[in-house]
Amino acid sequence: MTNGSDTPTDTSTVTPHPPVISLRGVTAELGSRPVLRGIDLTVNRGEVVALLGANGSGKSTAIRTIIGQVPLSGGEIELFGTPRRRFRDWARVGYVPQRTTAAGGVPATVTEVVSSGRLSRARFGVLRKADREAVRHALELVGLADRAKDSVDALSGGQHQRVLIARALASVPELLIMDEPMAGVDLASQEVLAATLREQVAAGTSVLLVLHELGPLEPLIDRAVVLRDGCVLHDGPPPRALGQHALPGHDHVHPHAAHDAEPIRTGLLS
Amino acid sequence: MATNLALNIEILDYAFMQRALLAAVLVGITAPAVGIYLVQRRQALLGDGIGHVAMTGVGLGFLLSWSPVWMATAVSVVGAVLMELIRWYGRTRGDIALAMLFYGGMAGGVMFINLAPGGSNANLTSYLFGSLSTVSESDVTAICLLAAFVVLVTIGLRRQLFAVSQDEEFARVTGLPVRALNLLTAITAAVTVTVAMRVVGLLLVSALMVVPVAAAQQLSRSFAATFAISVAIGVSVTIGGTVTSYYQDVPPGATIVLLTIGAFMLLTVAATPLARRRARAAALVAAREAGDPAECAIPGTRTPTGKVGV
């Protein structure tokens, strides 16, 4: 894994190291309700930034404007120094959406799901030997190599999250964007995820992640951005041993996997 | 065996049976091949909606004396694109818009066919429930061309369609043209509906898109296996239904659909021991990695080190 600081960017003529993510005055609406009211957010190369805030503060919407799932009503977004509309180099971005399950309506194996993450590097959707190798490596990173041929339906909630992260890692990205990667994850998987993330950060990967609480990822985080009602409330060092539990409007609702009514250890109370 | 062979040859002596069997096989391949993506994206009933819209195409074909198959293809493609656009833009009242599209399509079909000179609802019946024995030479040509398109899309773009149907939001970040692929899926489904229209009929098309996939899921753990098994089931039931309707005087469309549901029930029963064995194997694996909820599956294997968590 030699991604990160030593990879040249296509816009290196302008600035040697433009921020990997740059949001300036971003506003967005869902329906007619303003959710983001002018957000500035920068993630520099190699930085780990946590996006914190109460439910409904606009954390997930902010993430989803960055990937283009939610349209902007104002402001600018740049990825690796390129305006998002013209950004095509998606293989450099790994995305972990907020999900409680990796399964769809049809059975799929762990390998099949993770292979989707490699499509950004595969020409015309043809997976070559190197691509299969990368998929296997991504599964090793999250400790699921032995479950490669199993159906995702047979996995626990925490393992689903590990599959989603392996899928994001399959393209060997320089930037990881994660929306609540620790939600509904058992303690064992939380530790695996934290270790995986530590390795990625050590290799130079930049990370933007939405978190509900700092939890086991706290030592990794360089900077925290706290949102409230669609505005940036705080941008600086992470609030120590505080997380968002002390933030106003926190009502402690967690998404839970519904698949097969399996009991899931979230590790939230232990 | 020998009698079977003799029967098959006898069937193939009739040109209309040759056409019917060819059309049936093509439907058996294409309907599950598209249906699997619809089931995966949890739009299992999209095929049913397109079937309703296609009725307007059949009616227009009669009214303008054009080929009902090609006209139904054109109209159902337009309908499928409209449905996809409604899904993008009209999230709030999307279901109402879809209902209007469905029933408007059905009403349009009835209206146009009755406006056509000498046309009546009786003409529509063969399109609603299928009429294999009246499949003409030009119908077969149309079905072959359309089926080739469907197979090309569903197999050639399987990885892209899988990614988009599994997780649209993630697919966008891999740089896939998500909207174009969604449109392509809808168009391919529309084309499949018209391929299957002459065989099982517009009202029963959706069954052949969804039930073989549901049946295959009883056995399979992977997407690739689900795809292969559902196409195999599709081909078996369409051939089986066609041959049955030749020897017994029964409608082929209904026979095919009932056979498909029979296959589903058979596989569900057959898969129960398989599922139990897999669950046991999974529980053993889980028990080895302490910390997983193995204790719920097999209380006897609870390890003393197992921590209690919430």
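Predicted, not measured: the structure shown is a model, and the values here were computed from it. Numbers restart at 1 for each chain; the letters A, B, ... are given by sequence-line order, proteins then strands.
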Heavy-atom cut-off 4.5 Å, strictly under: side chain, backbone, both or neither for B:Ala44 against chain A? neither
Bottom line for A:Arg167: the part with an atom under 4.5 Å from chain B's heavy atoms is both
Which atoms of A:Ala122 come close to chain B, meaning under 4.5 Å heavy atom to heavy atom: side chain ones, backbone ones, both, or neither? neither
Do B:Phe170 and A:Arg99 have side chains that get closer than 4.5 Å, going by heavy atoms? no
Is the shortest side-chain heavy-atom distance between B:Asp167 and A:Pro97 below 4.5 Å? yes
Cut-off 4.5 Å, heavy atoms of chain A, and the answer for B:Leu176 is side chain
Checking A:Val110 against chain B: side chain, backbone, both or neither under 4.5 Å from a heavy atom? neither
Are any of the side-chain heavy atoms of B:Val173 and A:Gln69 separated by less than 4.5 Å? no
Do B:Phe223 and A:Val106 touch side chain to side chain, with heavy atoms closer than 4.5 Å? yes
Is the closest side-chain heavy-atom distance between B:Phe162 and A:Ser116 below 4.5 Å? yes
With no hydrogens and no angle check, is any side-chain donor or acceptor of B:Arg42 less than 3.5 Å from a backbone partner on A:Gly104? yes
Rounded distance (nearest 0.5 Å) linking atom OH of A:Tyr95 with atom CD of B:Glu169: 3.5 Å
For residues B:Ala163 and A:Leu119, report the shortest heavy-atom separation together with the two atoms involved. CB-CD1, 3.6 Å
Region of B:Ser222 that comes under 4.5 Å of a non-hydrogen atom in chain A: both
Using a 4.5 angstrom heavy-atom cutoff, name the option from A:Arg64, A:Lys149, A:Arg88, A:Arg121 with the most pairs to chain B. A:Arg64
Chain B contact via A:Arg118 - which portion, at a heavy-atom distance below 4.5 Å: neither
Any side-chain heavy-atom pair from A:Glu112 and B:Gln166 closer than 4.5 angstrom? no
As an exercise, state the distance from OG1 of A:Thr109 to CZ of B:Arg221, rounded to the nearest 0.5 Å. 9.5 Å
